[in-house]
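For reference, the structure is listed below as structure tokens.
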Amino acid sequence: MTVLRSRVIPPVAAEPSPKKPKRSAEIDPSTPPSAPDEVVGTPPSPSLAPSPDARAPRSGPSLPLPRRSLRLASGARSGGAFEGPLPPPPAPYGSCPSKDEGAGEGSLTAEDAKAMKLGVGWSGRSGRGKKKPGVDATLVDSPGLMSLRSGKSDAKRVGDSGAARGFAESSVIAFEVGGNDAVVLGRVVGEAASKVENKEKGSGSPLVGSPGSRMTLRSAEKGKGKADEHKIIDLVPRASGAESGSTRGKVKYSAVEKGKGKMVKDDNMRSDNIDIIDLELGLKQLGQKLESYGRELENMRSDDSTRATDNAAKQVQTRSKRAREKVGESSSVDIRGRFRDIARQNASRFAHFHPDDEVANDLPAEAARNVNEVPREATPEPENWPGPFSTAMKIIRDRAAKMSSQQSSSTLNKSKSAITWVPNGEGRTRTKRFVPSLLELCLKVLAANADAITSLDGVPDLQRHKLSQLLCDSRKMNKQFFDLLVGGSPTEIRVKDSSWLTEEDLTDSFRQCDATNLTVLQLDQCGRCLPDYIISSSISRSANCCPVLSTVSITGACRLTDGGLTTLISSAPALRSINLSQCSLLTNGSIETLANHLGSSLRELYLNDCQSIDAMLMLPALKKLEHLQVLSVGGISSLSDDFVREFIALRGHGIRELVLSDCTNLTDASVKAIADTCPGLLALNLVNLTNLTDSTVGYLANGCQAIEKLILCRNNFSDEAIAAFLETSGEHLQELSLNNIKKVGPNTAISIAKGARKLRSLDLSWCRNMADEALGLIVDSCSCLRELRVFGCTQISDAFLNGHSNEEVQIIGLKMAPILGHCRVSLPQNPLKYS
Amino acid sequence: MRKEDTVKLISAEGFEFVVDKRAAMVSQTIRNMLTSPGSFAETQLGEVTFPEISTTILEKICQYFHWSLQYASGKESEFHIEPELTLELMMAANYLHT
């Protein structure tokens, strides 16, 4: 019934002692080189003290003694890398503390290590040629502390190597107390592994996904001489990878195995590690360990970094050291009861595993979420998935490798030789000029003489908008023209800059407005003129006074509160698109009003920079918008992965456009959710999201293949990833911004030329790795390209400017270009973008 | 100018402006009318009537056609528009897609 193997066995209890010699005998042959073996049998308490110390300073998990359960050993054997020399295990981790500590090495640690050892799941590691896996296994064995620590490092390593078949840092310790089969379960969630794994953003083996706290308990009956019920229960954290990831925190322990078979096995195993533990002492130590684990877990749970892990491990170590000290001192009287109590205390805490996803996130919520999540894998995961993105990445990498090998072999210094582009712009009819259309000319004249216009009757809406835009841009907009726009029975009113408008003017102008046909009202930058009380005297003079108003844009209405918005909405029952960007006083109450009145009809919601709105608080209301197609929440800093995941899970199928710029808390997890659930996504804005990695690009490539507009800026994506994305999902891309994606280079250029033929607008500002040849290739291949922005691209020379053969493209951003000449915002053609 | 190279644009008052085909093609609308595969009267006769466009405006439009051809061939100059005409001219230009 022995549970844990403790180094500090001999003198403490009668029961252990008989085991001890046997164990020592068994141990000795098993792990000759390992110090722990020698340690076994040495006096307990004093030996315990040094061991933690010796171990503590180690950065990696230092396994004092490669103790393994027989079963684990067998599992490890199947695991491959793990096999063979148990002794060396500590080696990969640097010095084996046990060796250092020598006699002082508490058998406890070794025992515990074994106890904690991973089970069959380790077989997954066979592929690894490194020692580390092997060591990891042993490390995991280390007593609670060690295992936790090692688990973490392990997991980290696993994560790093991408071969996550994790070790479930099982922290479930089940042990049998007494001679009967009452097993007191104490669970020490081995979150270490899971935590670290999960931290790898989306990478994670199934093992890790499940809180890896599964331990398979086995008991091996040992000791020929032991007629008692001592059983060795191996705490075998089974790699949850072997089991469903959703079983977290479950302790699975096989039936107590007794008998010869086990013994035989034990004997065999013993050559590797022996898990026989002196029951009494072991139990006591276990109890101590549980406590320390519990504390450790608390710490670890809140830790986010492996650094923290190490610190935690150190803390655990010190605690265990203290525990061990206590062990020797106290006399074990009611170990069984004690264990039971401790286990009871900690079980519930450990029963709910909360793998950490991110630091900032609410752990329990995340845990609940992560339970059923697809196991995360290492960062390069999207490349490992079988799919178009991974294929593309491979091709690109191979190409790059080939190229570099060619380059290295060739004597010539050919930079960017990947691109062969011959400037043949001489054929271009350089004389083709952009002849200004009559319309443009007329509008210019009209804008210059706007005060002479007496009426806009008969002028189509588009021309009105263009005129309004020209006037606003030249700051010539005034009340007189505004009256022309608003007077009569207009159908669309668009004023992109109403900062000149005063409250009185607004009220006055709208007095003559018959809003029965008004479908679009845009009064941007209206902070000055649109407080709450003006709404009711201008736009919403009566309830339902704008019966067909479907699009409203009142950005910058900084004096508008929830009440004003309610008034506005009450007069516009047919509202389908509302732009409330930069309305800083609006709170979640506005969203609720919107949801209550317009839940079934609102299609577009723009809330950029609404500082008073909290993302999670508005989520319930947001979920009520059934047909939302456009959600723009750029600049709302409280936006988190949780928000994105929850909202997308519900409304993802209908979403066509997402603007998430400047929501810096977002990580790859959000994009994964988006990619998985939004197949119809047409436009995505990820400006300034610096936490995103290449995984994001992978997810998008695999999941959002219909995307037409992708705006990236200052993201940390690599050239190959972007190139692979373009090759797989760039087919429908019309507008692409790679502004400040500095690593973009020849691979991307080739991919654009091949895979993004429909591109109309391309922004490569500040991408200085794009040489003339690359740009030439792009411009010549994308015949639809009309606009190419190259601000800050100092590497461009006349070779490209004069050499490309695309007649239609307009190159914006070079020196000596008229300032702001490119700032021509295209007017929306329809009131709604996607309906 | 041979007849095959010209089209006749008729204003609301009945004024007929005979212009070069290439010039008229500056207007997308006219280009579509003249080059459409169907057998429109316009195509056959080479005449297009604009009942909503007044004579002064149509005259200005024809002037624009020629100015546009000149501009494209390199001779850039300014096209002056009288402010009184501008609003109507704009609407006509919108209709003609020029």
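The sequence lines fix the lettering, A, B, ..., with proteins before strands; numbering per chain opens at 1. All figures in this text were calculated on a predicted structure; none of them were measured in a lab.
The greatest number of non-hydrogen atom pairs below 4.5 Å with chain A, out of B:Leu89, B:Ile81, B:Asn94, is found for B:Asn94.
With hydrogens and angles disregarded, a donor-acceptor distance shorter than 3.5 Å links the side chain of A:Ser468 to the backbone of A:Arg494. Counting only distance, with no hydrogens or angles, the side chain of A:Ser498 and the backbone of A:Asp524 share a donor-acceptor pair below 3.5 Å. Looking only at distances, no side-chain donor or acceptor of A:Asp461 sits under 3.5 Å from a matching main-chain atom of A:Arg464.
Identified by a heavy-atom distance below 4.5 Å to chain A, the contributing residues of residues 55-64 of chain B are B:Ile61, B:Tyr64, in residue-number order. Of residues 436-452 of chain A, those residues lying under 4.5 Å from chain B by any heavy-atom pair are A:Pro436, A:Ser437, A:Leu438, A:Leu439, A:Leu441, A:Cys442, A:Leu443, A:Val445, A:Leu446, A:Asn449.
Among all heavy-atom pairs drawn from A:Ile796 and A:Asp772, the shortest one is CA-OD1, 3.3 Å. Nearest heavy atom pair, residue B:Ile10 against residue B:Glu47, reads CD1-OE1, 3.7 Å. Smallest separation of non-hydrogen atoms from A:His804 and A:Leu801: CD2-O, 3.4 Å.
Considering only heavy atoms from C-beta on, A:Leu471 stays 4.5 Å or farther from A:Phe482 through its side chain.
When heavy atoms are compared at a cutoff of 4.5 Å, A:Ile453 approaches chain B solely by way of its side chain, counted from C-beta outward.
Residue B:His66 places its NE2 atom among more than 12 non-hydrogen atoms of other residues, nucleotides or ligands, all under 6.0 Å distant.
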Go through B:Arg22 and B:Asp5 one step at a time and tell me if the salt bridge (charged side-chain N to carboxylate O under 4.0 Å, His left out) criterion holds.
-> CA-CA 8 Å; B:Arg22 277 185 317 126; B:Asp5 296 336; over 6 Å; no

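Remark: the A:Thr555 side chain and the A:Asn579 side chain contain no N/O donor-acceptor pair separated by less than 3.5 Å.
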